[in-house]
Amino acid sequence: MGSQAWLKVLLFGFCFWLSSRSSSSSSLSILQAEAAGGAGFVGGNVFIDRRSVIGRTDDDFVCATLDWWPPEKCDYGTCSWDRASLLNLDLNSNILLNAVKAFSPLKIRLGGTLQDKVIYDTEDNRQPCKQFVKNSSEMFGFTQGCLPMHRWDELNAFFKKSGAKIVFGLNALTGRSIQNDGSVKGAWDYTNAESFISYTVKKNYSIHGWELGNELCGNGVGTRVAAAQYATDTISLRNVVQKIYTGVDSKPLIIAPGGFFDAKWFKEFLDKSGQSLDVATHHIYNLGPGVDQHLVEKILDPSYLDGEVDTFSQLENTLKSSATSAVAWVGESGGAYNSGHNLVTNAFVFSFWYLDQLGMAAAHDTKTYCRQSLIGGNYGLLNTTTFVPNPDYYSALLWHRLMGRNALSTSFSGTKKIRSYAHCAKQSKGLVLLLINLDNSTTVHASVAFNGTLTSRHKHKSLKMKIIKLPQASVGGNEREEYHLTAKDGDLHSQTMLLNGNILSVNSIGDIPTLEPLRVKSTQPVSVGPFSIVFVHMPHVILPACS
């Protein structure tokens, strides 16, 4: 090791000695950035509108998916699903159990491409309960599959034990015939679904929502259903649920259409489904195919990231202008379709994209954001074979624990490489700031200011600001808490995440590590190192929007 490298190691160690001796740890962050090879420093200002809330999320905003794909599901010559299917996932894994329990609760959406080829082996079913078989001549590349009720029982035992909140995606293609032009003919035959829902209720299993279909809206994937017909089918689902849940005070949500946003199609669907729909779900794979060799470049490009703003904004406006009280969810989002890309969508670099998506969605009044996937493919929050958390798991857990329901209008001036989001704190009356540094060599010193007339950067309007000093801290409130996320060895493709310089990993019995913050003097600027992410909890900053 050269003398310069030794100097960095010594400096890094000295930083941590300082952190144990003093509560003023912003200097620690700066030195860490230097030790990691930071080439320069720039200043900047985070402006937060202190009065207005621009979006409100569900308290359990963070959601993840479980899919149906069998081990034979392969993309670009790589088979990345192993035994992560709803039909074969090891529900006895202690890491899996602890990973879900850590959220208390984690919303889990069960579904995906093959959900529209699943039959349920209830009393009404007269077909053999066979598993999916790979067949290239079949739609989606697999034959019809079946969910045995003993497996449904096992899944629900796990959900109850882990405290998960379940959304189930129903097969919306039963009873229909697919035409040569890719459209479907006929109404949804809900007989098997009705029997399955009845079984679920009789077993007293708790379901948060029933979702109809997967990626059948607009142009569809594989096939498509017209908006008017989908609205009729959604009303049918509503009627079935109302009948079966008669006498139950809290009925499950009715959710649809679970596909890619198409403004014209969504508008017609929302208007014609009326009040039968509770949640409008859409999917996001804005980075393109998993085989794309330029995924990292896209993730690190602020302009590319901003490209998804239009979808959130259009859906938000469509909901407001339609005859519905439905709210928006992202029902599935893996970034790069066809199972993602190994060492990108399951590595540290993906937290830049993922946390930016969470911030952007919340700012546009999205209530829930479901990540594809909890486990499975190359974009799981957990490793498909070992169940060990990937970096995005910890990003999701920090968001879930720190970021409250109210999203605040936030802007950053100083460099385009900083992404900034702010929410009222979840566990206190304070504020939580999220800063993402997409620059590989510059440490940013960010000062926080507040105003009453800020317009979000995503609306592309000029900013007229009346700057207000940071509110005075209350007695004993001279500190804030910071959570600095970096990649091991500075490698964006690393699957090991560091929190304040410490490796995050489960222990020998599968316990999720505690996420401890640094305590920093409130008078110091927030230091955001190169290629790093910082959550800043300011428990004593009291804003009108959060009171």
Can a donor-acceptor pair be found, under 3.5 Å and without considering hydrogens, that links the side chain of Ser532 to the backbone of Val528? no
Passing option when Glu211 is tested against Ile255, Leu253, Val279 for side chain to side chain contact (heavy atoms under 4.5 Å, CB included): Ile255
Aromatic ring pairing Phe352/Phe348, orientation class (parallel under 30°, perpendicular over 60°, tilted between): perpendicular
Of all heavy-atom pairs linking Ser411 and Ser420, the shortest is C-OG, 3.7 Å
Given side chains that start at C-beta, do those of Lys73 and Ser85 come closer than 4.5 Å, heavy atoms only? no
Spell out, as yes or no, whether a donor-acceptor pair under 3.5 Å connects the side chain of Arg371 to the backbone of Tyr379. yes
Could you tell me whether the side chain of Tyr394 reaches within less than 4.5 Å of the side chain of Leu499, counting heavy atoms only? no
Donor-acceptor pair, side chain of Lys165 and main chain of Gly209, under 3.5 angstrom: no
Drop me the distance from Ile375's CD1 to Ser93's OG, to the nearest 0.5 angstrom. 7.0 Å
So that I know where these two stand, are Trp152 and Phe168 an aromatic pair - ring centroids less than 6.0 Å apart? yes
Residues which pass ring pair (Phe, Tyr, Trp, His ring centres under 6.0 Å) with Phe261, listed by chain and number, not counting sequence neighbours: Phe266
Side-chain touch Asn94/Phe387, heavy atoms, less than 4.5 angstrom: no
Whether Lys417 side chain and Asn440 backbone form a donor-acceptor pair below 3.5 Å: no
Side chains of Thr57 and Thr366: closer than 4.5 Å at any heavy-atom pair? no
If I take atom OG1 from residue Thr384 and atom CZ from residue Arg83, how far apart are they, to the nearest 0.5 angstrom? 13.0 Å
With rounding to the nearest 0.5 angstrom, report the CG to OG1 distance, Leu498 to Thr486. 4.0 Å
Side-chain (Thr410) to main-chain (Leu408) donor-acceptor, under 3.5 angstrom: yes
Start with the C-alpha distance between Leu305 and Trp353, add both sets of side-chain angles, then the distance that settles side chain to side chain contact (heavy atoms under 4.5 Å, CB included), and finish with yes or no. CA-CA 8 Å; Leu305 295 178; Trp353 174 86; 4.0 Å; yes
Any ion pair linking Lys367 and Asp365 (charged N to carboxylate O, less than 4.0 Å)? yes
Give a yes or no on whether the backbone of Gly510 and the side-chain of Asn98 come within a donor-acceptor separation of less than 3.5 Å. yes
Counting N and O atoms only, with roles assigned by atom type, does the side chain of Arg480 sit under 3.5 Å from a partner on the main chain of Gln524, one being a donor and the other an acceptor? yes
Are the side chains of Leu87 and Pro70 in contact, using a 4.5 Å heavy-atom criterion? no
So does Glu481 pair up with Arg519, basic N to acidic O under 4.0 Å? yes
With rounding to the nearest 0.5 angstrom, report the CG to CD1 distance, Asp511 to Ile509. 4.0 Å
Does the side chain of Ser339 pick up a donor-acceptor pair with the side chain of Asp75 at under 3.5 Å? yes
Indicate yes or no: at least one non-hydrogen side-chain atom of Asp153 is less than 4.5 angstrom from one of Tyr205. yes
With a 3.5 Å cut-off and no angle check, do the side chains of Thr385 and Asp82 form a donor-acceptor pair? no
Could you tell me whether the side chain of His283 and the main chain of Gly258 form a donor-acceptor pair under 3.5 Å? yes
Heavy-atom distance under 4.5 Å between the side chains of Thr415 and Asn437, does that happen here? no
Residue Lys298 excluded, over 12 heavy atoms near NZ under 6.0 Å: yes
Check this for me, if you would: do Asp306 and Arg419 make a salt bridge, where the nitrogen-to-carboxylate-oxygen distance has to be below 4.0 angstrom? yes
With side-chain hydrogen bond (donor to acceptor under 3.5 Å, both in side chains) as the criterion, how do Asn478 and Ser522 come out once you've worked through the C-alpha distance, each side chain's angles and the decisive distance to 0.1 Å? CA-CA 5 Å; Asn478 61 340; Ser522 298; over 6 Å; no
Taking Gly290's backbone N and O only, do any of them form a donor-acceptor pair with His341's side chain (distance below 3.5 Å, no angle check)? yes
Using side chain to side chain contact (heavy atoms under 4.5 Å, CB included), reason through Met360 and Asp356 one step at a time and then give a plain yes or no. CA-CA 6 Å; Met360 191 182 295; Asp356 189 66; 3.5 Å; yes
Are Phe312 and His282, when compared by the centres of their aromatic rings, separated by less than 6.0 Å? yes
Plane angle bin for Phe103 and His400 - parallel if under 30°, tilted between 30 and 60°, otherwise perpendicular: tilted
Geometric class of the Trp329/His208 ring pair [parallel <30°, tilted 30-60°, perpendicular >60°]: parallel
For Leu374 and Val100, run side chain to side chain contact (heavy atoms under 4.5 Å, CB included): C-alpha distance rounded to whole Å, both residues' side-chain angles, the deciding distance at 0.1 Å, then the answer. CA-CA 9 Å; Leu374 174 59; Val100 176; 4.0 Å; yes
Carefully, step by step, assess Phe531 and Leu300 under the rule side chain to side chain contact (heavy atoms under 4.5 Å, CB included). CA-CA 9 Å; Phe531 281 159; Leu300 298 177; 3.9 Å; yes
Value rounded to 0.5 Å, distance of CG in Asn342 from NE2 in His493: 11.0 Å
Looking at side-chain heavy atoms only, is the closest gap between Thr442 and Pro530 below 4.5 Å? no
Looking at every heavy atom in both Gln357 and Ser333, which two are closest together, and how far apart are they? OE1-OG, 4.2 Å
Enter the distance from Gln372:CD to Tyr285:OH here, rounded to the nearest 0.5 Å. 4.0 Å
